[in-house]
Amino acid sequence: MRSVPTILHLDMDAFYAAVEQASKPSLRGRPVIVGGIGPRGVVATASYEARRFGVHSAMATAQARRLCPNAAYLAPRFDLYRRVSETVMGRLRELSPLVEPLSLDEAFVDLEAGGESDRLAGLEPAEVAEAVRGIGRELRRDIRLATGLAASVGVAGSKMLAKIASERAKPDGLVVIEPGTERALLGPLTVRTLPGVGPATAEHLRRAGIATVAEVEEAGEAELIRLLGRAHGASLYAMATGRDDRPVVAERDAKSVSAEDTFEVDLTDRAQVRAEVSRLAERCVRRLRDAGRSGRTVVLKVRRYDFSTLTRSDTLRAPTDDPAVVTETAQRLLEGVDTTGGVRLLGVGVAGLADFTQEDLFAQAAAARTADGGTGADGAAAGDGELPGAAAGPTTGPAVGAAAGPGTARTAGGPGAGAGGPPGPGGAVRSAGGRWWPGRDVRHARHGHGWVQGSGLGRVTVRFEEPDSPPGRVRTFRDDDAELEPADPLPLVPGVLPPPER
C-alpha cells in the first residue's frame, strides 16, 4: 500500500439509468429502471429514485414492478452507453496512461504514472491529499460538462481503499482516505466489504463469530488460514489490515469471449434450438474479431427447463476466428445434449484465446472457393457472416418491448443484435418484441426526435423530446406508420457526442 493517496477509483452513479434520464427530460427526478422487460427479465440498473422503493441491480424485473409499479422500465441502449463511457475513459487517460477499466462505468487510475505526478512531487502527505482532492474535483467537473452525468470518486493508497472511498462518496461525491486513517475506517465495516468475500465466505466467517473487518484482524492470520485455506486466509488478513499491493493494470486480458440468451418461453423444437446456437455462434465470433482475438476451445452452455446447466467443450488443433468452424463445433456439441424437455438458456463461447489465427490460409482458400460458387466444408456458403440458421434480417413481432442487456429476456426467432432488436453484450437475455422496444430512439417525419414509451396491439406510443428540450408531448401511432422510423441517440450534451455514422 502506498504512503500517499495516488490511486483513484471512479464510479459513474446509476450509470445506465442516469444516461436515460439525461437523454429524456420527462424522466428526470422519476424512478427509472433499465434492464429486462419480459417475465424473466432482471434489473441492470435502477436510478436513485427507484432505489428508495427497494429496487436494486440483479433483482427480477417482476419483483421490481411490484415494488415500484410507476417507474419507467426501459431496455438498455448499449451503443449509447459505450459512447458515453469512451468519453469518460478518455478523460481518465488524460490524467494517466495507467487506467484500468472494470466496466463501462467504473475504472481505477494510477495518478503517479501520469501527468499529475509533477503536481504531487515534493509535497508533504497532507499536501498530497489536498492536491488529489483538487484533481478529483476537476475530474468530476469535466465529466459533468462532457456528459451531463454525475460521478463519484475515491482516492487512497490502494485499489481496495480507493473503491471503498468511492462507495462512501456516492452519490455525486468525493472521498480521499488519508494515510494513517485506513484501519479506523475499515474496522466497523462488514467482511463483505473486502475483495474476494462473497456470501459463502461471509457465512463461513459468521459461523466462526467474525462479522466485521476489525474482527477479521483480531482473529489473526493463522486462524483465517485454518478457516479458509492458506491463499484465501492470508489474502483476507492482508486486506483487513489495509495491505493491498495490487497494481493498476492498463490492459486486462480476457480469458474467453461468449454470447448467451435466455428465452421467455422454453425452446422445445430441436430445429429452433439449432438455429439459436448458430445465431449465438455468429455473435460470439463477431465479438472475438472485434477484440482482434482467436481461440482454440469452443464452449456450449445449455440450461434446461429444470434449471440444470450443462457445459460441453471441444478444443481445436489451432486457434480460429472462423464463424463456420465455431458454428459447426457448437452444433456438434449440441448433438450430445438432450433438449427434449425444453431449453431455458443457450450460450456459445470461445476460450483459450490467442492474438493470431493459424487457420487464416484455410479461411482464405474457403473464401476463394465460395467466390467461385463453392461452399464451405459444412455445406454452408463461406461468405462472411452467412451462418446456417442465422437471421436473414430484421424481423418484427408483437411490439411489447425488447430489451438487451443483463437479465433481459428473448423470444426465439426475434431480432438479434444488429437485426432490429436492441444490442446487448455477452450474457444478454432478451425480451419479446419487434422494432419498438421501450426507450428506443425514433424520428417522425413531422414531429421530430422522440423515444418509445410503449407499444402493443399494433400501436406505438412515443414521447417527443430531446436532451436539451423541456419534457415533450406524447403521441400514439400505428406501428407500421411510414413516417416513423428508428433513429440514432442524440448527444447528451450538444456537440460532445456526435451520432455515429451509419
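Between A71 and I33, the closest heavy-atom pair is CB-CD1, 3.9 Å.
Of the possible polar contacts, none joining the S258 side chain to the G349 backbone as a donor-acceptor pair under 3.5 Å is found. T241 contributes a side-chain N or O that, together with a main-chain N or O of A238, makes up a donor-acceptor pair within less than 3.5 Å. The closest donor-acceptor contact from the side chain of R51 to the backbone of H56 lies at 3.5 Å or more, if one exists at all. A donor-acceptor pair under 3.5 Å is absent between the side-chain atoms of S47 and the main chain of P31, judged by distance alone. Without hydrogens or angle criteria, Q21 side chain to R30 main chain gives a donor-acceptor distance under 3.5 Å. Panel note: side chain R303, backbone R344; no donor-acceptor pair is recorded below 3.5 Å. Side chain of S294 to main chain of P319: no donor-acceptor pair is present (N/O by atom type, distance under 3.5 Å, no hydrogens or angles). Using a distance-only test at 3.5 Å, with no hydrogens or angles considered, a donor-acceptor pair links the side chain of S469 to the main chain of E466. A donor-acceptor pair under 3.5 Å is formed between the side chain of T61 and the backbone N or O of V42. Here the side chain of S455 pairs a donor or acceptor atom with the backbone of W436 at under 3.5 angstrom.
Taking CG from L161 and CG from D244, the interatomic distance works out to 7.0 Å, rounded to the nearest 0.5 Å. Note that CZ of R93 is 11.0 Å distant from CG of L98, once rounded to the nearest 0.5 Å.
For the residue pair H9/E106, the side-chain donor-acceptor check at 3.5 Å is satisfied. Side-chain atoms of D13 and S152 form a donor-acceptor pair, as typed in the model, at a separation below 3.5 Å. A side-chain donor from one of E465 and W451 sits under 3.5 Å from a side-chain acceptor of the other. Defined by atom type and a distance below 3.5 Å, a donor-acceptor pair is missing between the side-chain atoms of R243 and S158. R459 and T476 share no donor-acceptor pair across their side chains, judged by distance under 3.5 Å alone.
Using a cutoff of 4.0 Å between basic side-chain nitrogens and carboxylate oxygens, D321 and R293 are not scored as salt-bridged. For R435 and D479, the salt-bridge test fails: no basic side-chain N is under 4.0 Å from an acidic carboxylate O. A salt bridge links R140 with D172: the distance from a Lys NZ or Arg NE/NH1/NH2 to an Asp or Glu carboxylate oxygen falls below 4.0 Å. With respect to E203 and R206, a salt bridge is recorded, a charged nitrogen being found less than 4.0 Å from a carboxylate O. We find that E100 and K159 are joined by a salt bridge, their nearest charged nitrogen and carboxylate oxygen being less than 4.0 Å apart. Here R82 pairs with D79 in a salt bridge; the nearest charged N to carboxylate O distance falls below 4.0 Å. Using a cut-off of 4.0 Å between Lys/Arg side-chain N and Asp/Glu carboxylate O, E178 and R133 are scored as salt-bridged. The pair E260-R287 does not meet the salt-bridge criterion, since no charged nitrogen lies less than 4.0 angstrom from a carboxylate oxygen. In this structure, R83 does not pair ionically with E86, as no charged nitrogen and carboxylate oxygen lie closer than 4.0 Å.
The list of ring pair (Phe, Tyr, Trp, His ring centres under 6.0 Å) pairs with a residue in residues 80-106, not counting sequence neighbours, reads Y16-Y81, F78-Y81.
The aromatic rings of F477 and F464 lie perpendicular to each other, with more than 60° between the two planes, well past the 30° mark.
Here the side chains of P188 and T212 are not in contact, with every heavy-atom distance at 4.5 Å or above. Residues V277 and L280 form no side-chain contact, since every pair of their non-hydrogen atoms from C-beta on lies 4.5 Å or further apart. Put simply, the side chain of D488 does not reach to within 4.5 Å of the side chain of D441, judged on heavy atoms. Using a 4.5 Å heavy-atom cutoff, the side chains of Q453 and V462 are not in contact. Using a 4.5 Å heavy-atom cutoff, the side chains of E282 and P323 are not in contact. L74 places none of its side-chain heavy atoms less than 4.5 Å from the side chain of W437. You'll find the side chain of F263 stays beyond 4.5 Å of the side chain of L345, heavy atoms only. Looking at heavy atoms from C-beta onward, D11 lies in side-chain contact with E167 at the 4.5 angstrom threshold.
With sequence neighbours left out, the salt bridge (Lys or Arg N to Asp or Glu O under 4.0 Å) criterion links E217 to R183. With sequence neighbours left out, the side chain to side chain contact (heavy atoms under 4.5 Å, CB included) criterion links L139 to L8, L10, R91, L92, L95, I143, V153.
In this structure, R473 places its CZ atom where only 12 or fewer heavy-atom neighbours from other residues, nucleotides or ligands lie under 6.0 Å away. Taking a 6.0 Å sphere around CZ of R168, one finds it holds 12 or fewer heavy atoms contributed by other residues, nucleotides or ligands.
Both tests pass for R65 against the ring of Y73: distance under 6.0 Å to the centre and angle within 45° of the axis.
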**Report entry** side-chain contact (heavy atoms from CB on, under 4.5 Å) evaluation trace for V155 with I7
**Finding:** CA-CA 6 Å; V155 191; I7 294 181; over 6 Å; no
Report task. Verify side-chain contact (heavy atoms from CB on, under 4.5 Å) between L205 and L224, making sure each step is shown before the conclusion. Result -> CA-CA 9 Å; L205 292 171; L224 293 170; 4.1 Å; yes
Query raised in the report: Do V216 and L236 pass the side-chain contact (heavy atoms from CB on, under 4.5 Å) test, and can you show the C-alpha distance, the side-chain angles, and the key distance before you say yes or no?
Result: CA-CA 8 Å; V216 171; L236 190 61; 4.1 Å; yes
**Report entry** Audit row: L194, M160, side-chain contact (heavy atoms from CB on, under 4.5 Å) steps and yes/no
**Finding:** CA-CA 8 Å; L194 300 176; M160 176 187 72; 3.8 Å; yes
